[in-house]
Amino acid sequence: MSADTANQNLYEIFRRRMPSDDRVFLDAPGQKPVYYRELDGMVARLQQRLEALGVRPGERVVAQVAKSPTAVLLYLACLRSGAIYIPLNTAYTAAEVEYFLSDSRPVLLVCQPRDEAQLGAVATGCGVAAVATLDGESGGSLGDGEAGASPPVAHRGAEQLAAILYTSGTTGRAKGAMLSHANLASNALVLYDYWQWRTDDVLLHALPIFHVHGLFVALHCALLGGSRVHLLPRFDVGQVLSLLPESSVMMGVPTFYTRLLENPDLNADACRNMRLFISGSAPLLPETHVQFTERTGHRILERYGMTEAGMISSNPYDGERIAGTVGFPLPGVEARVVDGHGDPLPVGEAGILEIRGPNVFRGYWEMPEKTAAEFRDGWFITGDVVSRDAEGRLSIVGREKDLIISGGFNVYPREIEMEIDALEGVRESAVIGLPHADFGEGVTAVVVPENPAVTDAEGILAALGDRLARFKQPKRIVFVDSLPRNSMGKVQKNVLRERYRELFA
Ligand code: MLC
Ligand code: AMP
């Protein structure tokens, strides 16, 4: 087969590397392990079910499902069938899911059995042809049906889409980042080498599987290595500590590391078989890095990435891992630090990071203007403020985008402000992130009521309850008579952040 007709389906890369011996892929507490030798057959059967429900190559499948081995198989079955996988945070409310369904127009929604009645109605309203359920324990309706002959792995070109991951925007409307098979494959292969992945690695997986970090970075490395994965339903300190001694790699957001450090059972002995702790998705405080080394002898490897580009930079595996830096651009990723006009800045000067490379996404789903606005001469504008040292190491010193990162989840202030401003009794609001020991940043709403004598925090939170996912809801609400503004009339969030910086102390 010539190079241009070869199948570029990411699944095909994994399939070719699946060990045929008795190695385990997924090991979830209380569930039957999934072996590599049976993996392709299981994924093919699920592909048949998807096809019976009308899924075809290039069609979208939206999934809002609990983390389980079957949920991982669903992702792989979508790849295998050539469909475009769209995972959603399980915390999203029906109102939020409705937006994603109407925007992406999938042929199939897969949800949890307990949500079927409510989301089924939402899906029907959005014109989604089929709804199926998936349940980690019993399989759900996707597990039904007779198995026929194994369908072939769908043929996909490198630039065809494997997934769309929604990421919010400064306008408050979420955008679907389109990721191709080549985007995902290139990033996975680079990370596999860069982090010196080994076939005998055992991955401790406690991240959610609806974001880049847990779904792509973690699972793709394991699949390339034919490695075992301890698949935990969520991050639970006790469970993580009990599995650490039989694991060799863990990936986490900084909250994982601060929570582990709070537990006296975290020590060098618990980490005796570990070779690599990776942190990302939010800034790791240098003190967390130092304390973790003191307690365990391990230097956390911090890397930096985003939904639109997968992993962008990483501290080195062999060289020095420096706290507070996110390391070097990964092989194949070009990075430049520029000023507001796009002119490159000298070493040491902070500016906007722009990147280029095979990992950079194909644009936002059906939003050509937004896509165009986030590229400059072919470079993707990350919106992160970065400085670069003489060796080429990057440090993230700020964000140009108005974004809060809470426990590794992105929260876009504009979205919360729009919901709060629409409430009766509210004149306006400003949503900010304040230093928070557990989540890194704590979502805080500064609200100007219509009547200064009428302040109703409980009422605001109750009204947001079925509109916004729990993690987006303000942890605190502060009432003020007016918001500080600059001469252009723009709210000075930096003034508010300074004024309330001790709120969660
Ligand atoms: C849960 N809550 C959160 C929250 N997670 N609130 C703010 N921020 C969060 N991240 C809410 C819960 O609903 C609950 O509300 C309360 O806070 C306390 O819950 P908890 O029991 O402490 O939460 P827990 O289930 O332990 O979850 C915390 C967490 C989780 C940090 C383990 O959020 C998590 O797994 N985060 C990882 C996010 C991630 O994977 N990011 C990768 C993005 S990819 P209440 O009020 O009901 O008690 C990306 C690119 C890249 O950014 O570079 O990787
Ligand atoms: P997301 O849109 O969820 O993919 O979030 C991507 C954003 O997370 C990036 O643009 C950064 O602002 C932030 N981020 C990811 N990794 C790191 C890190 N190691 N340090 C600081 N910020 C990070």
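Note that this is a predicted model, so its numbers are computed, not measured. Both ligands and their constituent atoms are indexed starting at 1 by order of listing. Along the sequence shown, residues are numbered consecutively beginning with 1.
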For [atom], the protein heavy atom that lies nearest, with its residue and separation:
| atom | answer |
| --- | --- |
| atom 26 (O) of ligand 1 | Arg259 NH1, 2.7 Å |
| atom 21 (O) of ligand 1 | Arg234 NH2, 3.6 Å |
| atom 3 (O) of ligand 2 | Asn410 ND2, 2.9 Å |
| atom 7 (C) of ligand 2 | Gly305 O, 3.9 Å |
| atom 17 (O) of ligand 1 | Lys475 NZ, 3.3 Å |
| atom 6 (C) of ligand 2 | Met306 CB, 3.4 Å |

What atoms of ligand 1 come within less than 4.0 Å of a heavy atom belonging to Ser406?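 This gives 7 (C), 8 (N), 9 (C), 10 (N) as the contact atoms.
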By number and element, which atoms of ligand 1 are closer than 4.0 Å to a non-hydrogen atom of Leu207?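 Ligand 1 atoms under the 4.0 Å threshold to Leu207: 40 (O).
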Taking the inter-plane angle between the rings of Tyr166 and Tyr99 on a 0 to 90° scale, is it parallel (under 30°), tilted (30 to 60°) or perpendicular (over 60°)?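 If you compare the ring of Tyr166 with that of Tyr99, the planes turn out perpendicular.
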Parallel, tilted or perpendicular, judged at 30° and 60°: which one describes the rings of Phe471 and Phe409?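 It falls in the tilted class, 30° to 60°.
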Per-atom contacts of ligand 2 with [X], taking only distances under 4.0 Å to non-hydrogen atoms:
| X | value |
| --- | --- |
| Thr307 | 1 (P), 2 (O), 3 (O), 4 (O) |
| Thr167 | 2 (O) |
| Ile405 | 8 (O), 13 (C) |

Does the structure place the NZ or CZ of Arg376 under 6.0 Å from the centre of the six-membered ring of Phe380, at an angle of no more than 45° from the ring's axis?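 No; the conditions do not both hold, so Arg376 does not lie above the ring face of Phe380.
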Close approach, Pro208 and ligand 1, non-hydrogen under 4.0 angstrom: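 In this structure, Pro208 qualifies as a contact of ligand 1 - some heavy atom is under 4.0 Å.
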Ionic contact status for Lys475 with Glu441, cut-off 4.0 Å: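 No salt bridge links Glu441 with Lys475.
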Does the distance from a Lys or Arg side-chain N to an Asp or Glu carboxylate O, for Glu498 and Arg501, drop under 4.0 Å?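 Yes, this pair counts.
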